[in-house]
**Q** 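Can you keep this structure in mind? I'll have questions shortly.
Lettering follows sequence order; numbering is per chain, from 1. Owing to the predicted nature of the structure, the values given are computational and were not obtained by experimental measurement.
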Amino acid sequence: METRNSSGLDQFCSLLVERPGLTLLDLAGANQSTMAFLTNLGHRVYSDDFLLQMDRCFGDGDFYENQADPQKVAQFLDAALDYPAQHFDGALVWDTLEFLSGPLLETVVQRLGTMLRPGSYMLALFHAEERAETIPTYSYRIQDRKTITLAPRGRRRPAQFFNNRSLEKLFSDFDSVKFFLTRDHLREVIVRR
Amino acid sequence: MWNRRKEDEQQPPPKPVAAQPPVTQPVRPLPAKETSPMSSVPNRPTESFEATRTGNAVLGKSAVVKGQILSREDLTIDGEVDGTIEMQEHRLTVGPSGKVRASVKAREVIVLGTLHGNVETGDRIDIRKEAKLVGDIRTARIVIEDGAYFKGNVDIVRAEVPKSASATPAGASPRPATTSATPTTASPAMAAGAGEIKR
C-alpha cells in the first residue's frame, strides 16, 4: 500500500480538531485506520463503501448506461445516500464522484449538500490526467491528519475529467471551493457547505 | 451405540488420558498492555473461529429462531435469528454461516457472518474478514478487519472513569463522554485530540 501527503485532508482535519463530537461521513468503506483516527478525535463516524454500492446498482451491464436508468438510480440513492438533511458535519467522499455520469453526479452532489450542515466541509479527489483511459481506484485510509494510505482496488474508466472550472461549476451551490494541486495528477478539493 | 459397546468390550480398557474430553484452547483474554481502544489488527492476533466458540451455547446452521434471545452464557450463532438478542455480560459470535437480523446487546460481539441490526457492546466489537454488518454500533472499542463490509454509524462510548482519575489535564478541552474513543490509559495528548495515533 502506498502513502501520500494530503493538504486537503490537513485542511479538512483542522475542522475536526477545533470541534469534537462531530458526525462524519466516510464513503471509502470501513477500515480500522480511519475509524481509529476519527473516533480518537471524539467524533462519530458513519461509514459506507460508495464504490461498492455503485457496483451493486450499476455493475450488471454497462456501468454508465445503467446510471441513466431511473429505477437503478432510485435504488442507488436509497441504498447509498438515504440520510436526513443536515445530518453530517463533514464528508469524505474521496474519488467516488469521478465514477458518476452527468445527471446522476449532479443529483448526488445536490444530495450531499443537503446532508451536510452549513459551514461543514467535504473532501473530494479528482484525477487531472485527461488522457488516461482508466485511473487507479483506492480504498483511502487516514493514517494521520496529513497522510493517506492507499489500498489499491483496481482501475476504472472515469465518467469524465474535471478541470478547476468544471469543479467550480459542479459545486456552485456550495459556499466555497478550494483546490490543492498535487504532483501526481490529483486535485484535492475542499468544499465548504 | 449398543454395537459399539460390544466392540469396546473386546478391546483393552482405554488409558485414562484417552478418556478425557478433548482439550480445547481457552479463549485468550485481551492483552493487558493494550492502551488504544481501536486495536490494530496486526498487533493483536485474532482468535480462530473454533477458538471463539468453545464453551459456548451454539445455534447450529439449520436452526432458525424468531423472537427474543436472552442468554446468560456466551453464544455462537451459525443459523438464522430474527428478533432481539440480549446478553449483556457475555459474548455473541455470529459464525461464518450465521445470518442475524436483530438488535444486539452484549458484552462483546464477534461477527464472521452477516448481521443486520444495531449493536451495543459494553466492551468491544470485532468485524472479521468476510463479515457483513449493516447497522449502528455503540461500543467502547471496535476492530474492523480488511475485507469486512460495514455500513452504519460508529459511536465510541467511553468507559466510566472514577472521579479521582477523571481530572482534565490543563489545556485539554472537555469532550462528550458518548463520543470519545479515549481509554482511561490514553495519554493527555490523545485525550486533547492532538491527532497523534500511535500504533
**Q** Judged by atom type as modelled, is there a donor-acceptor pair below 3.5 Å linking the side chain of A:Y121 to the main-chain atoms of A:D89?
**A**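 No; judged by distance alone, with no hydrogens or angles, the pair does not exist.
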**Q** Just how far is it from atom CD1 of B:I137 to atom OG1 of B:T121, taken to the nearest 0.5 Å?
**A** 8.0 Å
**Q** Side chain, backbone, both or neither: which part of A:F50 has a heavy atom under 4.5 Å from chain B?
**A**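 No part of it gets close to chain B.
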**Q** Does any heavy atom of chain B fall under 4.5 Å from the side chain of A:L16, the backbone, both, or neither of them?
**A**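 No part of A:L16 comes within 4.5 Å of chain B.
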**Q** Please name the pair of heavy atoms, one in B:I142 and one in A:Q32, separated by the smallest distance, quoted to 0.1 Å.
**A** O-NE2, 3.2 Å
**Q** Under 4.5 Å heavy-atom distance to chain B, tell me which part of A:R19 shows up: side chain, backbone, both or neither.
**A** neither
**Q** May I ask you to check if A:R141 and A:F37 form a cation-pi contact, with NZ or CZ under 6.0 angstrom from the six-membered ring centre and within 45° of the axis?
**A** no
